[in-house]
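This structure is in structure tokens; I'll ask about it shortly.
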Amino acid sequence: MELYEAIRGRRSVRQFQDRPVEQERLERILDAALWAPSAHNAQAWRFTVARGETKRAIERAMVEAAEGAEARGESLPGFKATARLVGAAPVLIAAFHFRSEPILLRETYALRELLLLSAQIQSVAAAIENLLLAAHAEGLGAVWIGYTNLIAARLKEILGEDGFPVAAVALGYPRQAPPAPERKPRPERVVLRGA
Ligand SMILES: Cc1cc2nc3c(=O)[nH]c(=O)nc-3n(C[C@H](O)[C@H](O)[C@H](O)COP(=O)(O)O)c2cc1C
């Protein structure tokens, strides 16, 4: 698949066929993540693949957290729907970086630390985009999941992880091709300065 075609054609897929993802495909997709750029080439990431009962435990923890938020009157649109799609997707890949402390919750950082920590998040995010594009190239559908961060402690417990959860990707064979959500026109989002 041509690169620009892959970038333009990739969609967030939230409905999946009841069809398993072949191991070789999954491995090619995970290899694409490992070839992402990373700050200082540290590759301080880990991708944990959850299926079956493990994935269902994650769904349950998310539903519980979503209902807790609802009961407190906190509006988190899409949290419960995301929990359900995690349950229905054949595979969930959770992306962690090695640092275990809840870095986003701190208020102050030494400059060097700030650089390192922000670079680590960016590195894992680059790998996640590779996962999405590779899944698309393999004829699979995938969606970036941020809501798993709201159950960070439970997610780590369920997966036996000690790193920092950055995000997750749910994937499987798409049930349909979703329409492309609009993009802002270039002049609204791209600024040119100088000659
Ligand atoms: C950081 C991040 C977190 C996201 N979290 C979720 C999520 O928890 N649930 C979900 O359904 N989609 C999630 N998405 C997918 C976005 O909703 C989607 O990318 C956006 O609507 C554009 O659609 P497209 O991916 O088809 O172009 C997330 C995307 C990003 C980049």
Side-chain angles (χ1 to χ4, degrees), residues 1-59 61-62 82-83 85-100 103 117-152 154-175 177-178:
M1 186 182 281
E2 199 259 325
L3 179 63
Y4 286 105
E5 186 195 328
I7 290 171
R8 286 290 285 262
R10 179 209 59 79
R11 286 282 65 76
S12 289
V13 168
R14 298 180 175 87
Q15 289 188 306
F16 305 94
Q17 296 173 34
D18 189 15
R19 173 179 166 194
V21 174
E22 299 86 344
Q23 188 62 23
E24 321 80 72
R25 269 192 210 289
L26 191 56
E27 284 171 13
R28 282 196 294 268
I29 291 167
L30 289 160
D31 283 346
L34 301 181
W35 277 100
S38 64
H40 303 291
N41 196 25
Q43 302 167 54
W45 46 43
R46 191 158 41 238
F47 303 93
T48 304
V49 179
R51 283 182 273 214
E53 186 42 46
T54 306
K55 198 176 49 65
R56 278 190 289 278
I58 295 169
E59 177 192 9
M62 290 176 78
T82 296
L85 87 81
V86 163
V91 179
L92 184 76
I93 302 171
F96 293 84
H97 78 62
F98 288 164
R99 282 230 167 185
S100 57
I103 58 170
L117 297 178
S118 71
Q120 285 177 342
I121 300 270
Q122 292 172 62
S123 305
V124 180
I128 293 170
E129 177 66 0
N130 274 14
L131 282 177
L132 296 181
L133 290 173
H136 179 54
E138 292 286 343
L140 296 167
V143 59
W144 188 316
I145 308 273
Y147 271 127
T148 41
N149 288 348
L150 299 186
I151 57 150
R154 278 293 288 137
L155 185 73
K156 288 168 66 170
E157 205 180 318
I158 292 165
L159 296 176
E161 270 292 344
D162 61 0
F164 179 80
V166 176
V169 170
L171 66 96
Y173 282 95
R175 199 172 297 163

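As the structure is a computational prediction, the values presented were derived from the model and not from experiment. Quick note: numbers below take in every heavy atom, side chains included, and nothing from hydrogens, waters or symmetry partners.
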Residue among V91, L132, L131, V169 satisfying side-chain contact (heavy atoms from CB on, under 4.5 Å) with I29: L131
Euclidean distance, T148 OG1 relative to M62 CE, rounded to 0.5 Å: 5.5 Å
Salt-bridge criterion met for R56 and E59 (N-O under 4.0 Å): no
Check: Y173 main-chain N/O paired with R19 side-chain donor or acceptor under 3.5 Å: no
Heavy-atom check, side chain of L155 versus side chain of E161, under 4.5 Å: no
Separation between CZ of F164 and CZ of R46, rounded to the nearest 0.5 Å: 14.0 Å
N/O donor-acceptor pair under 3.5 Å between Q17 side chain and R175 backbone: no
Flag side-chain contact, heavy atom, 4.5 Å: V13 against L140: no
Min side-chain heavy-atom separation L85-F16 under 4.5 Å: yes
Spatial distance of atom CZ (R8) from atom NE2 (H136) [nearest 0.5 Å]: 11.5 Å
Non-hydrogen side-chain atoms of V86 and K55 separated by less than 4.5 Å: yes
Main-chain N/O of V143 paired to S12 side chain as donor or acceptor, under 3.5 Å: no
Residue from Q122, Q43, Q120 passing side-chain contact (heavy atoms from CB on, under 4.5 Å) with S38: Q43
Side-chain touch L26/I93, heavy atoms, less than 4.5 angstrom: yes
